[in-house]
Structures are given as C-alpha cells and as structure tokens.
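Structure first, commentary second.
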Amino acid sequence: MSEKKIIGDNAINMNRRSFLGKSALGVGGMALGSLLDCNFYQKEGSLITKADNPMGIKGILNSPHHPAKIKRVIYLFQSGGPSQLELFDYKPLLNQRRGEDLPESIRNGQRLTGMTSGQDKFPLVGSNFGFQQYGKNGTWISDLLPYTAKMVDELCIVKSMYTEAINHDPAVTFFQTGSQQPGRPSIGSWLSYGLGSENENLPSFTVLLSRGTGRPNGQPLYTRLWGNGFLHSLHQGVQFRAAKDPVLYLNDPKGISKETKRSILDNLAALNEKQYQEFGDDEIQSRIAQYEMAYRMQTSVPEVMNTENEPDYIYKMYGADAKIPGTYAANCLLARRLAEQDVRFIQLYHMGWDQHDNLPSAIEKQAKDVDQASAALVADLKQRGMLEDTLVVWGGEFGRTNYSQGLLTDTNYGRDHHPRCFTMWMAGGGIKPGFVYGETDEFGYNIVNNPVHVHDFQATLLHLLGIDHERLTYKYQGRRFRLTDVEGHLVKDILA
C-alpha cells in the first residue's frame, strides 16, 4: 500500500471524536482500565468512566429526573393475547345475548383481522367460566385465577389498555420497543442505557422464556424483542436458558484454566483498545465490556440459577412446576432471585395465549400455568420487603374479541385478536394497590372510561424508575429517539 494511500486513510479516520479520544494522555487507555473494574457508564456516543460508582454500571443519567419509586421491574409478558373476557373483564350481557350478532353500532366498522373479516356473522359469546368478587373493593376475578383472586388487594388492574397493532409481531414489538417496526431498542435496553445496573457481575437486562400448555406450538418470539437496536450492544438483553449452559458460549472449553482465560482477555482487551485508538468506534469498548461481563458471569450465573437451596415452603408457594427448569413457575422463582441480585429489568415471556379456537380448554391450561406462580412472585417479594421497590407487570400484546371466531357451540368457541381494549395488572412500588382503572362498555368491545395507550404505560413505567420519558433520548441518524416515540402520557391516577 502506498504512503499516500495510508495517509489518506488515516485522514478519513481522524475526525473530531477520534482526535479527542486519542488526546489527553490516552483517555481510551484509562477507560479500559476502568472497564476492567466495571466502573463505567454510557454517554451518548461514547463510553466514559466514572470512579465514584464502586459497584455495577452507571447509565447516561447522572441522577434520575425525579425521585424514583422503584429500583427494578419484573415484566411477566403473556405472549399471544390473553382473553380479558375469560380472566378479568366480567361481562354478563355477553352470556345473556350469546349467539346474537354483534351490533354494528358497537363495532362501528372497526378493523378486523383477515381471520374473521370474512365471517358473515359475529356471534357474541361470554365466558364459559364463572366470576366472583374479591378483595376490599369487590373486584371481579375469573374462577380460572384462584391464586390471583386471593392477592387482588395487591394489584392495580387496568381494564382500558389499547393499541393500534392488530397482529402479533407488530403488537409485541410495539409493547417491547415503542414501535411496530423492528429495529428500536427494547424497554430493558433503554433502562440499561439510562440507569445502568447495580450489579457488576450480572447484566442489567435479563430474559427468561417459557412455553405454555394452552397452545404449545403457538406464536414464536424473536431475539430482537430484547435487542439493543441502535444503542450500543452492551445494552442488549441476555437470555438465560433452561439448559446445562444457561448462557450460550459462557463456559470455557476443557483445558482452559482461569489464569489462561484472564491472560487471553487482557491481551484481547489490549488489541481492542489499540483498534479503538485507531478508529474511535465506541462499539469496540462495548465489546471489551461484554468480554469482562462474560468473565464475571461464569461464577455469578450458575450461582443465581441454582435453586436447590430454596426451602420447601418456597417451592410449595410457586407450585410443583417450580422444580422443572424452563417452566413459567421456575422462571418466576428465578426472577425473584435475579431481583435479589439487583438486576434492573427482568423480562419473562410466556407463550401460548393465542387461542383462536378451542379457547375454553386451552385457556384453562394456560391460566393454570401462570396463576399460582404469578401470585407467589408478588407474595414472595412482599415477604422479603422487596415489593415496595419492585414493579411487577402482567399482560400481553392485545385482547380478544367478544364474538366467536369460527363455529360457536354450547361448549366451544374461539376469539380473534382485539386491540381496542384489554386488561393488564401491575403490583409493587408506586402503584395503587387494590385498584381497578378504566372501564369497557357492556359488550366488552370499546373503552368508555380512562383509556391507557401502550405509550402511556411505557411513560408510567419509566416515571416510576425516576425517568421523564421525554428526556431519555438517543440521537441516531439525525433524529432523537425515545421509547415512547412522540407520544405517551403519565397515568397519574394509578400512582400511589
């Protein structure tokens, strides 16, 4: 290569950012030294060290925008769209008018999916399961959820959620990233970017998956749902699997000692640092940080994933499935253990709620998967004094229709997707307990009081963590992005 070519290439690489990165006696070198102790945080466009944070990883925010109510979030995402009409939103009129066609004045020409748009009629169908009133306020809860019913005074139930997305992939993506189009950072990535973590040995954002018995081969999930999008890869979610190796590629090959691994990482870090000095690419420093995190996780992950020392009464709380790795119950127990280790955002996905047909039998199995374990998680956090600074969220991407998809019989029916109204619940710090918010019409088709949009939910979640959703942004391709895009309002009425 000619000298002129080398000089030309170096001139291209020497921009303002790389010049500043190479000056001041090697800021990059100091950053590397700090990274090895994991005292660093993300600043927009670069990684900068901060020595006064002895544990964990600090985010871009030097301090929250306002006092935080919680430290962490456990998000129990019910993938597939649970039927609010079978679980929380009691509508006796639907049973009274079972089989009658949905009035056009109620539907009002609203959008349908391709699975029911061709139906000649839309026969109304109520739940095949009973409802009872529980708690101090007489909240209606389905007989499918006996354990949830017992803890209703801990819950804030929002019956007026809505979304624009009508199909699974864009709807789940919308909830998890704030956009129906893939490519944006997930909620956990935004929190990692903004707040960092409080544990230097575990990621700030972890993911656990389980498959329900209601529809075992239902809608799949994609790793991009817990991806970092345009944020640095340091902030992507780390999936913990129910397998011999909970995190892929974490363990060393046979014959590699801890000392050898440490030497390899030190030399690799030096090479990466040299590359960073040459090109000024911040993703290189993210790579250094990830290698170091993986090194520490070799000890921390097996410890947190091993539940053998949990007492018998804990297993009894969560249910028999808690001893079976990969089940929803086992993942709820792991979520509590991760919360104890100050993991910032713990995402559980439970698949199988997409019940277009055979709904009565399918939802009964699916509800049994999650009912006891969800209630146990809230009770377990409370007995440990952790519920006051933890937010637990339960809900899916949309609801189900009040009419039957396909043939309606005396014992069987299905329900299509319904984005117009559905139910979620929250419990924990900063949320009103024993409170029901929002209301749907007597047909369970439209919201009549206090609607809550997906972006409103996201804005409220960030608020509880001390973040103003309009001020946590990242500049990418000339635009400042945020989780709530250009929308979202704080739902003040549900705040304690």
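Numbers here simply count residues along the sequence, with the first being 1.
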NZ or CZ of Lys150 within 45° of Tyr147 ring axis and under 6.0 Å: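 Flagged: Lys150 positioned over aromatic ring of Tyr147.
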Polar side-chain atom of [X] near backbone of [Y] as donor-acceptor pair, under 3.5 Å:
X: Gln458; Y: Phe175; answer: yes
X: Gln372; Y: Lys316; answer: yes
X: Gln239; Y: Gly237; answer: no
X: Asn306; Y: Glu308; answer: yes
X: Arg337; Y: Glu303; answer: yes
X: Glu104; Y: Gly109; answer: yes
X: Asn108; Y: Gln110; answer: no
X: Asp441; Y: Asn446; answer: yes
X: Ser192; Y: Gly188; answer: no
X: Thr390; Y: Arg72; answer: no

Would you find more than 12 non-hydrogen atoms of other residues, nucleotides or ligands less than 6.0 Å from [X] atom [atom1]?
X: Lys432; atom1: NZ; value: yes
X: Lys71; atom1: NZ; value: no
X: Glu487; atom1: CD; value: yes
X: Arg184; atom1: CZ; value: yes

To the nearest 0.5 Å, what is the distance between [atom1] on [X] and [atom2] on [Y]?
X: Asp89; Y: Thr423; atom1: CG; atom2: OG1; answer: 5.0 Å
X: Leu348; Y: Ile346; atom1: CG; atom2: CD1; answer: 8.0 Å
X: Ser160; Y: Ile157; atom1: OG; atom2: CD1; answer: 12.0 Å
X: Leu93; Y: Glu442; atom1: CG; atom2: CD; answer: 5.0 Å
X: Leu87; Y: Trp425; atom1: CG; atom2: CH2; answer: 12.0 Å

Using 4.0 Å as the upper bound for N to carboxylate O, is an ion pair formed by [Y] and [X]?
X: Glu86; Y: Arg415; value: yes
X: Asp354; Y: Arg215; value: yes
X: Asp321; Y: Lys368; value: no

Taking C-beta and beyond as the side chain, do [X] and [Y] meet within less than 4.5 Å on heavy atoms?
X: Tyr222; Y: Val172; result: no
X: Pro360; Y: Asn412; result: yes
X: Leu112; Y: Gln119; result: no
X: Leu225; Y: Tyr349; result: yes
X: Met351; Y: Leu221; result: yes
X: Tyr90; Y: Ile141; result: no
X: Val452; Y: Met161; result: yes
X: Thr163; Y: Glu397; result: no

Stepwise side chain to side chain contact (heavy atoms under 4.5 Å, CB included) check, Ile187 with Leu461: CA-CA 10 Å; Ile187 300 175; Leu461 186 152; 4.3 Å; yes
Test of ring centre spacing under 6.0 Å for Phe77 and His350: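 No, the ring of Phe77 stays outside the 6.0 Å limit from the ring of His350, centre to centre.
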Pair His489 + His453: ring centers closer than 6.0 Å: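 Not close enough - the centres of the two rings lie 6.0 Å or further apart.
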Between the side chains of [X] and [Y], is a donor N or O closer than 3.5 angstrom to an acceptor N or O?
X: Ser204; Y: Ser197; answer: no
X: Thr213; Y: Asp369; answer: yes
X: Thr401; Y: His418; answer: no
X: Thr173; Y: Arg224; answer: yes
X: Thr307; Y: Tyr315; answer: yes
X: Thr484; Y: His469; answer: yes

Set of ring pair (Phe, Tyr, Trp, His ring centres under 6.0 Å) partners for Phe122, sequence neighbours left out: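 Phe122 satisfies ring pair (Phe, Tyr, Trp, His ring centres under 6.0 Å) with Tyr403 once adjacent residues are dropped.
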Test log, rule side chain to side chain donor-acceptor pair (under 3.5 Å), inputs Thr148 and Asp371: CA-CA 6 Å; Thr148 302; Asp371 178 40; 2.6 Å; yes
ring-ring contact (aromatic ring centres under 6.0 Å, His included) partner of Phe88, chosen from Phe131, Phe422, Trp394: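 The ring-ring contact (aromatic ring centres under 6.0 Å, His included) with Phe88 is passed solely by Trp394 among Phe131, Phe422, Trp394.
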Working for side chain to side chain contact (heavy atoms under 4.5 Å, CB included), residues Phe443 and Leu124: CA-CA 9 Å; Phe443 288 88; Leu124 297 173; 3.8 Å; yes
Closest heavy-atom pair and its distance - Gly396, Pro82: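 That would be CA-CD, 3.8 Å.
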Side chain to side chain contact (heavy atoms under 4.5 Å, CB included) between Val158 and Val491, worked out: CA-CA 11 Å; Val158 181; Val491 187; over 6 Å; no
Full working for side chain to side chain contact (heavy atoms under 4.5 Å, CB included) between Asn167 and His417: CA-CA 7 Å; Asn167 290 312; His417 310 163; 3.8 Å; yes
Pairs meeting criterion side-chain hydrogen bond (donor to acceptor under 3.5 Å, both in side chains) with involvement of residues 122-143, two or more places apart: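 The answer is Arg98-Asn128.
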Residue pairs passing the side-chain hydrogen bond (donor to acceptor under 3.5 Å, both in side chains) test where at least one lies in residues 373-387, sequence neighbours excluded: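 Of all non-adjacent pairs touching residues 373-387, those that pass side-chain hydrogen bond (donor to acceptor under 3.5 Å, both in side chains) are Glu154-Lys382, Tyr318-Asp380, Tyr328-Ser374, Arg336-Asp380, Glu340-Arg384, Asp380-Gln383, Asp380-Arg384.
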